[in-house]
Each structure stands twice: as structure tokens, then as C-alpha cells.
Chemist: 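Structure provided below as C-alpha cells; questions to follow.
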Amino acid sequence: MQERLNQLQEEFKKDLQGSKTTKELKNLKIKYLGRKSTLTQLFAQIPALPNDQKGLWGKKLNLFKVKINLALENNVKIEDREEESLDLTFPSASCQEGSRHILTTVNEKICSIFERLGFAVIEGSEIEDEWHNFEALNIPLEHPSRDSFDTFYLDLPAKDKGKYLLRSHTSPSQIRIMKKTKPPLAVISPGRVYRPDEVDATHSFMFHQIEGFVVGEAINFAHLKGTLLYFAQEFFSCDVELRFRPHFFPFTEPSAEVDMSCIMCKGKKNKETKCSICKNKGWLEVLGCGMIHPNVLEACGINAKKYQGFAFGMGVERIVMLKYSIDDIRLFYENDIRFLKQFSI
Ligand code: PHE
């Protein structure tokens, strides 16, 4: 009996080494553990053994059975993995392809239009200090206009620059860049901004802006108008017209709000049907702009007698809402695939 067991063990070793596929290993299991296997026959002989031998042979044969099982299991796992990695035709698990968010796409489109005009894209920082967000932009502490730019403060004093805060507009980028780089400058600076507004269809506590500015010698309002008209016609349509309405911003003088002729009704007021976009006003407000205030240039160490500049700031959400007739700003942030899918390219 011992001899047969030894033979069987040797045979199993050889067979195991020679088996490569899962199927071959399954056959080994039948051969060595099946009902007709030698091992089963050996088990069947136990009752005929003398009583003092029964227990010993029971243990020996069981041990071998456990070894066979373990050896087969371990090999099956390895073989399975090898087979999987070899089958290059096996279909992959289905996955949903992502796409760019409409705000990202439009942001890049706007920047690329200005890049073609020679503007450089430079991002500012979302955490600012009071000096960059207000004072340097000619918004003194007690000035009422500070309210409209009021924002989220961080519980951290910034060295000599008031408190840290989440910037409420991208205009502090002007300051950071003008302090570092000498004119001539033509920069476009996109990014997130924060205001503690109540969230509704047109307001969000976080949204995106794009700041643009040019500083150089003999820069005037005509350059500003020409630049913005080029942008509007490239981005919306070639027959768009712009209207500059006098406005107040502390950091520009003179300042203006820019309206664009309605892209839906083309500014033609139709008495019978109300235009869903401009509500028959004929014009849509798109951005704020102006000539950079001399105080702002001086705060950045730029000689305001020698250099002039213009600046503008637009809300990306607003531009996208106008272009695609979207009536609720919250749609941008809810991650509803049905909404986002419409803009995937
Ligand atoms: N910073 C202004 C705002 O957030 C926009 C602006 C930028 C206006 C530059 C004029 C010049 O409303």
C-alpha cells in the first residue's frame, strides 16, 4: 500500500508540472480525486486493514488528498490569470466615457479668441488678501461699493494686507500681474470667484469670471471697444452689435457696462411675440469694463502719466447661459448627466 501511495505521489507531481491550462487541471482533479481514482481505491482498502493500521492510513491518505486539493487550487488561480491576460480579444467591461464640462469648453474657447489677439493667459489665486481684492483696486475700507464685492473671509490675518479671503472677482489678478511685470501687457485671467449670494436661478456663491486687461503707452477707449467687438463677433456671431452704457467701478475710469444686441431676436422688437432671451429689450448685458484707474496703476508701481490701460471682466456662466439659452445657473453644478451630455463633443 505504501508503495502504491509513493507511486501515486510521484505521478501526481509529474502530472501537475505538465498541466498548463485550467481544463488540464480540472482533469487532474478527476484523475486523482474522482470516484474511480487510485486514491479512492486506497481509501476503500482501509476497512480491511488490521485495526492498529486503520487510523494511520486514514491520516496518510487524507493528508495527500488535502495536498492535491491545495496544489490544484493554487495552480488554477495562477493559470486563470495567465489565460485572462493572454486573451486579447476578450471584450472589456463597459464604461461610460466622460466629456468636458460646458464651462471648461467655453472658458477655453474665450481664452483662445483673446490668445489670437496676442493676449497671454495667466491665472491668479483664489485665496487673496484684502489689499489685492479691495485697496489696490481703489476700493477703500469704508467705500459703499465694497459691499457689492463683499466676500467670504478666512480666519487668517495676512501680513500687512488685511485678512485672507476668497476673491470676489478676478480683478486682483490685474494687481498681481502688474506688480510683477512691466508694461506693455495684454493678459487674460480666468478663474473661480466667490460671493456670499443666496443661491437662485441667476446667483451662486461660486462662479467663473474672465478678466482681461491691456497696459501700454497711448492705450485708449477705442482699443477697448475694438477688442470687445472682435471677441463678441467671434464668440457669438458676426452681426452682433455692442452698446457701452456708462457705469461705475472703483477700479476703472471711465467705466461702462456692455450690452450686446440680442442673439435671438437680433434686437428687433416684435410686439406680438416676446423674445424669451431679452424679453423684448433688444439688448443683453454681458460684461463690465473701463480704463484702468490711475490709482490702480500707481498701486502697482506703474507710472500712470506714461501708461494707460483698459480692463474688462465677464461672468462665464452668464455668457454660456446667453449663448445656449439656459435659464438656471444651478444646472452647471448639479452634475446631471442629462444636462451635461447635451454639450459633450
Ligand atoms: N470686477 C468686476 C466685477 O466683478 C468686473 C470688471 C472688471 C469691471 C474689470 C471693470 C473692469 O463686477
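We count ligands from 1, going down the list as the structure has it; atoms in each ligand are counted the same way. Below, each value reflects all heavy atoms present in this structure, side chains not excepted, and no hydrogens, waters or symmetry copies.
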Chemist: Any heavy-atom pair between the side chains of L25 and L16 that's under 4.5 Å?
Modeler: yes
Chemist: Closer than 4.0 Å to some heavy atom of G288 - which atoms of ligand 1 meet that?
Modeler: 6 (C), 8 (C), 10 (C)
Chemist: Is there a side-chain contact between F149 and L137 in this structure, where contact means two heavy atoms from C-beta onward sitting under 4.5 Å apart?
Modeler: no
Chemist: Given that the side chain starts at C-beta and the backbone is N, CA, C, O, which of these parts of S171 lies under 4.0 Å from ligand 1, counting heavy atoms, or is it both or neither?
Modeler: side chain
Chemist: Suppose I only count heavy atoms of C289 and a 4.0 Å limit; which atoms of ligand 1 are within that range?
Modeler: 8 (C), 10 (C), 11 (C)
Chemist: Answer yes or no: does an N/O atom from S168 fall short of 3.5 Å to an N/O atom of ligand 1?
Modeler: no
Chemist: Could you see which bit of M291 sits under 4.0 Å from ligand 1, with heavy atoms only: side chain, backbone, both or neither?
Modeler: neither
Chemist: Going by heavy atoms, is H293 under 4.0 Å from ligand 1?
Modeler: no
Chemist: Is Q174 in polar range of ligand 1, meaning some N or O pair under 3.5 Å apart?
Modeler: no
Chemist: How many angstroms lie between CG in L297 and OH in Y307, if you round to the nearest 0.5 Å?
Modeler: 11.0 Å
Chemist: Walk me through whether H223 and F310 qualify under side-chain contact (heavy atoms from CB on, under 4.5 Å).
Modeler: CA-CA 8 Å; H223 296 127; F310 66 74; 3.7 Å; yes
Chemist: Less than 4.0 Å between a side-chain N and a carboxylate O, is that true for R330 and D328?
Modeler: yes
Chemist: What is the nearest protein non-hydrogen atom to atom 2 (C) of ligand 1, stated with its residue, atom name and distance?
Modeler: F251 CZ, 3.7 Å
Chemist: Before giving the answer on side-chain hydrogen bond (donor to acceptor under 3.5 Å, both in side chains), spell out for K54 and N51 the whole-Å C-alpha distance, their side-chain angles and the decisive distance to 0.1 Å.
Modeler: CA-CA 5 Å; K54 282 182 186 161; N51 273 351; 2.9 Å; yes
Chemist: Would H169 count as a polar contact of ligand 1, with the cut-off being nitrogen or oxygen pairs under 3.5 Å?
Modeler: yes
Chemist: Between Y324 and F343, is the ring centre distance below 6.0 Å?
Modeler: yes
Chemist: Regarding K281 and the six-membered ring of W283, is the cationic atom NZ or CZ under 6.0 Å from the ring centre and inside 45° of its axis?
Modeler: no
Chemist: Considering heavy atoms of the protein only, find what lies nearest to atom 5 (C) of ligand 1 and give residue, atom and distance to 0.1 Å.
Modeler: G313 CA, 4.0 Å
Chemist: Among all protein heavy atoms, pick the one closest to atom 12 (O) of ligand 1 and tell me residue, atom and distance.
Modeler: F149 CE2, 3.7 Å
Chemist: Is Q209 close to ligand 1, meaning an N/O of one under 3.5 Å from an N/O of the other?
Modeler: yes
